[in-house]
**Q** 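Here's a structure for you.
This structure is a prediction, so every number in the text was calculated from the model and none was measured.
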Amino acid sequence: MDVDGQDKQPIWTPQDDQVCRAQSEPYQTLPKYTVGYVYSADMLLHSSLHGHPEQPERIARIRKAFQDSKLLSKMKEIRIRPVYRNEALLVHSQEHWDKVLAIQAMTPQDITDSESYYDSLSLFVMNGTTRAARLSCGGVIEACLSVAEGRLQKSFAIVRPPGHHAEPDEHMGFCFFNNVAVAAKVVQLQTQIKRILILDWDVHHGNGTQRAFNDDPSVLYISLHRYERGQFYPCGPFGGLESCGEGPGLGYSVNIPWPTHGMTDADYIHAFQRIVMPIALEFAPELVIISAGFDAAEGDDLGECHVTPVGYAHMTHMLSSLAGGKLVVALEGGYNLDSISNSALAVAQTLLGEAPPELPPMVASEAGTETVWQVALEQSKYWKSVNPKACEPREDLDEITFSIPEILKGHRQHFLYSQYRMLQVPLMPAYEERYGSQVMCTDDMLENTTIVMFVHEFGNLRAELDGMPMCDVNLEHSYLIDFSKELIAWVRSEGYALVDVNMFPRPFSTTPLPINMRSKNNMVENPSRDLLVYLWDNYIQLSNAQRIILIGHGQGCQTLMDLFQKRPANMIKYVNLVVQVVGTAKIPLIPKDSNELKAWYAKNSIVIVHPQHPAFAPDNKILKRHGRVMRIDEVKPIKTMIKALPMIRDYIKQTLVPVE
């Protein structure tokens, strides 16, 4: 290894396995080994002098468990080597690479002086850290290449430090290089395999791994983790169920965020059966990599969950059915030495072909079933194999039941019709089954010269509960009706037409989506966005309207931005003002590929947020693409809308030019 790490070697250079690697002569007989492992004692050199949960004994105990159970004799030891610079730079920045390499030259005083800095990143360092981190990443690369190139069927990388928290520009959370992300990139670059599933069952969200592939549709990232409204490490909304990727990668990040500790085998198996495996089968990966943290295991004090070795074995067994059996297990977290070694042993036994032990009868918890249902509602926008109806939690009742969101929506729709004679807008069948009776308008929509289009998800109690400890359903219903009264009374007093669009979909539909709503691989593109495009093309644009106001609330804000992406020229030409009531949620951005659109939006929009919104944090900044951002002191989304209505009315009156 070059001291400075600036090696010029190609991504794969070992000479001693050329016979096994030769692609011109396929195996004529069954190879001795079908499963391999990666390990090096040099990774023990990364050790804290003060004691730390990410201790060297983690991998030493796993290897000893394999040895004591006579598994090592059945597994081929894969040659380990450090990650090369050109490999790491497939994911990480040059600055990040330089930071990790610089650790090996630190003096004892340097290490002492920098202790508080590394503590703030949940890291510890010593001179052996650089080599251990490079070996850990290189080891996962070799484990993946051995499978991707067909030399082995499965492999287990017994490595440390872990990797899934390491972001492209920052090391954090015990992690220096993102081992799995780098390995996936190398596999795609060096082999014929392009479609990869990364399944992360570490109890913490793999923020670095999702970040590396957030806009990449060739890698499907699925994570099951404790979330607790973004309060559990690594904290923030990135691990939430609505964080599904961006751009071409939208729908290829799947987060299953547990709301509390104490999750069990039953919860994980339920999530696998309803979310993980249906999506994975639809994606059809060519290689599966498990980011295998064992900190959700029974006995781990950091994770505080109760997944057993048998549970891990069953999850491994299910994943082994994908990609023709090509499966790599890469160690991530796990800090109880007994739990991590027993769990890893059960996984390795499954890799070697042993049937998982039988699970006892079990039922997923209320928190688990509710989370899986909410994830199904979100992911059904992108994956046709996800069936929210089958995931919906049900009481043990014989009679037909209705969900509270459906009741709230139904009450509001009845109110709009009975009090204001608002009419249901006819939709094509695919939209009708998902959104029927949820798109309503005043009877003068086609004739009126001014239209206010209001896009929202009223009835989505998950959104209303964001950050709230409890929900009073009667109060929620009251808020919906109160605001509807004020909005419609104002619209009618001004002589405007109103189109009211509730984007919160029904739990399940059977009508196939139109071809134009699917991508090339037949995934659901974005039904809520396409509904707005349908309404724009078939109603709004065909009306007599000369002045159009768009108002978004909650999740409706992002859907309006999606409409701008699909019809940018029409938006600039016909829309007078865009009002986004964001509250505490993430501020949606106008598409960045049109300078004209960005300038127009900055001038013709108002975005209403809470005074303590994260966008105002010192390390963030308000962009022109955010629009004109204004603060209003209210946390609850629906109450924010009520409080902002006078301001919205004033801005609209100032904006609209009288129609001659």
**Q** Start with the C-alpha gap between Q153 and V147, add the side-chain angles, then the distance that decides, and say whether side chain to side chain contact (heavy atoms under 4.5 Å, CB included) holds.
**A** CA-CA 5 Å; Q153 186 71 8; V147 174; over 6 Å; no
**Q** Does anything in residues 152-161 form a salt bridge (Lys or Arg N to Asp or Glu O under 4.0 Å)? List the pairs, not counting sequence neighbours.
**A** E54-R160
**Q** Heavy atoms only: give me the nearest N214-S253 pair and the separation to one decimal.
**A** OD1-OG, 3.6 Å
**Q** Taking side chain as C-beta onward, heavy atoms only, is D265 less than 4.5 Å from M362?
**A** yes
**Q** Does Y118 form a side chain to side chain contact (heavy atoms under 4.5 Å, CB included) with I103? I'd like the steps, not just the answer.
**A** CA-CA 11 Å; Y118 285 108; I103 295 170; 3.8 Å; yes
**Q** Can you tell me how far apart CG (L327) and CG (L152) are? Round to the nearest 0.5 Å.
**A** 12.5 Å
**Q** Can any side-chain N or O of S243 pair as donor or acceptor with the backbone N or O of F238 at less than 3.5 Å?
**A** yes
**Q** Are the charged groups of E170 and K99 less than 4.0 angstrom apart, N to O?
**A** yes
**Q** Taking the six-membered ring for Trp and the full ring for Phe, Tyr or His, determine whether the centres of Y268 and W258 are under 6.0 Å apart.
**A** yes
**Q** For R81 and E87, run salt bridge (charged side-chain N to carboxylate O under 4.0 Å, His left out): C-alpha distance rounded to whole Å, both residues' side-chain angles, the deciding distance at 0.1 Å, then the answer.
**A** CA-CA 12 Å; R81 47 82 177 181; E87 294 172 326; 2.8 Å; yes
**Q** Is the backbone of G368 close enough, under 3.5 Å, to the side chain of S365 for a donor and an acceptor to pair up by distance?
**A** yes
**Q** So which atom in P168 and which in R211 form the shortest heavy-atom distance, rounded to 0.1 Å?
**A** CD-CG, 3.9 Å
**Q** Output every pair passing salt bridge (Lys or Arg N to Asp or Glu O under 4.0 Å) with a member in residues 103-126, not counting sequence neighbours, ordered by first then second residue.
**A** none
**Q** For S343, give me all partners under side-chain hydrogen bond (donor to acceptor under 3.5 Å, both in side chains), at least two apart in sequence or on another chain.
**A** none
**Q** Please identify each residue that fulfils side chain to side chain contact (heavy atoms under 4.5 Å, CB included) with F66, with sequence neighbours left out.
**A** I62, L71, L72, M75, F156, I158, A344, L345, A348
**Q** So, for S40 and L135, which heavy atoms are closest and what is the spacing to 0.1 Å?
**A** OG-CD1, 3.9 Å
**Q** Applying side-chain hydrogen bond (donor to acceptor under 3.5 Å, both in side chains) to S218 and Q188, what does each step give before you reach the verdict?
**A** CA-CA 9 Å; S218 70; Q188 290 181 322; 2.9 Å; yes
**Q** So which pairs with a foot in residues 327-360 pass ring pair (Phe, Tyr, Trp, His ring centres under 6.0 Å), sequence neighbours left out?
**A** F174-Y335
**Q** What's the verdict on side-chain hydrogen bond (donor to acceptor under 3.5 Å, both in side chains) for N207 and H205, showing C-alpha distance, side-chain angles and the deciding distance?
**A** CA-CA 6 Å; N207 55 292; H205 175 240; 5.2 Å; no
**Q** Is there a donor-acceptor contact under 3.5 Å linking the side chains of D200 and Y221?
**A** yes
**Q** Quick one: side chain to side chain contact (heavy atoms under 4.5 Å, CB included) partners of A148, sequence neighbours excluded?
**A** V187, T191, I193
**Q** How would you list all residue pairs meeting side chain to side chain donor-acceptor pair (under 3.5 Å) that involve residues 315-328, not counting sequence neighbours?
**A** none
**Q** side-chain hydrogen bond (donor to acceptor under 3.5 Å, both in side chains) with H46: which of N127, T130, T129?
**A** T129
**Q** Going from CG on L351 to OG on S155, what distance comes out if it is rounded to the nearest 0.5 angstrom?
**A** 8.0 Å
**Q** D202 vs S291, test: side-chain hydrogen bond (donor to acceptor under 3.5 Å, both in side chains). Steps then yes/no.
**A** CA-CA 7 Å; D202 189 284; S291 270; over 6 Å; no
**Q** If I take atom SG from residue C144 and atom CD1 from residue I78, how far apart are they, to the nearest 0.5 angstrom?
**A** 9.0 Å
**Q** Go through the steps to decide whether T264 and D267 satisfy the test side chain to side chain contact (heavy atoms under 4.5 Å, CB included), and finish with yes or no.
**A** CA-CA 5 Å; T264 67; D267 299 306; 3.3 Å; yes
**Q** What's the separation between atom OH in Y382 and atom CD1 in I279, rounded to the nearest 0.5 Å?
**A** 11.0 Å
**Q** Is K64 atom NZ crowded by more than 12 heavy atoms from other residues, nucleotides or ligands, each under 6.0 Å away?
**A** no
**Q** Please step through ring pair (Phe, Tyr, Trp, His ring centres under 6.0 Å) for the pair Y312 and F294, ending with a clear verdict.
**A** CA-CA 9 Å; Y312 284 118; F294 294 108; 4.9 Å; yes
**Q** Without swapping roles, check the side chain of R195 against the backbone of A284 for a donor-acceptor pair under 3.5 Å.
**A** yes
**Q** Are I141 and V182 side-chain neighbours, meaning at least one heavy-atom pair lies under 4.5 Å?
**A** yes
**Q** When rounded to the nearest 0.5 angstrom, what distance separates CG in L199 from CE in M315?
**A** 8.0 Å
**Q** With a distance cut-off below 6.0 Å to the six-membered ring centre and an angular limit of 45° from the axis, does R229 pair with F232 as a cation-pi contact?
**A** no
**Q** Could you walk me through whether V159 and V140 pass side chain to side chain contact (heavy atoms under 4.5 Å, CB included), step by step?
**A** CA-CA 8 Å; V159 297; V140 176; 3.8 Å; yes
**Q** Holding to side-chain hydrogen bond (donor to acceptor under 3.5 Å, both in side chains), I want the full list of residues that pass it with E370, two or more places apart in sequence or in another chain.
**A** Q374
**Q** How about V180 and H164: do any of their side-chain heavy atoms sit closer than 4.5 Å?
**A** no
**Q** Check the pair N178, T209 against side-chain hydrogen bond (donor to acceptor under 3.5 Å, both in side chains), reporting the backbone distance first and the verdict last.
**A** CA-CA 7 Å; N178 197 308; T209 309; 3.3 Å; yes
**Q** Which pairs pass salt bridge (Lys or Arg N to Asp or Glu O under 4.0 Å) with one or both residues in residues 343-367, sequence neighbours excluded?
**A** none
**Q** Between S136 (side chain) and P161 (backbone), is there a donor-acceptor pair under 3.5 Å?
**A** yes
**Q** Counting only N and O atoms by type, is there a donor-acceptor contact under 3.5 Å from the side chain of N336 to the main-chain atoms of G299?
**A** yes
**Q** Donor-acceptor pair, W383 side chain versus G251 backbone, under 3.5 Å?
**A** yes
**Q** Mind checking side chain to side chain contact (heavy atoms under 4.5 Å, CB included) for A88 and listing every partner two or more places apart, or none if nothing turns up?
**A** V83, W97, F177
**Q** Sequence neighbours excluded, which residues qualify as side chain to side chain contact (heavy atoms under 4.5 Å, CB included) partners of P257?
**A** H225, Y227, L241, T371, V375
**Q** For the pair E77 (side chain) and Y37 (backbone), establish whether a donor and an acceptor sit closer than 3.5 Å, ignoring hydrogens and angles.
**A** no
**Q** Quick one: pull up SG in C235 and CD in E228 and give me the separation to the nearest 0.5 Å.
**A** 9.5 Å
**Q** Listing request: all salt bridge (Lys or Arg N to Asp or Glu O under 4.0 Å) pairs with a residue in residues 298-314, at least two apart in sequence or in separate chains.
**A** R226-E304
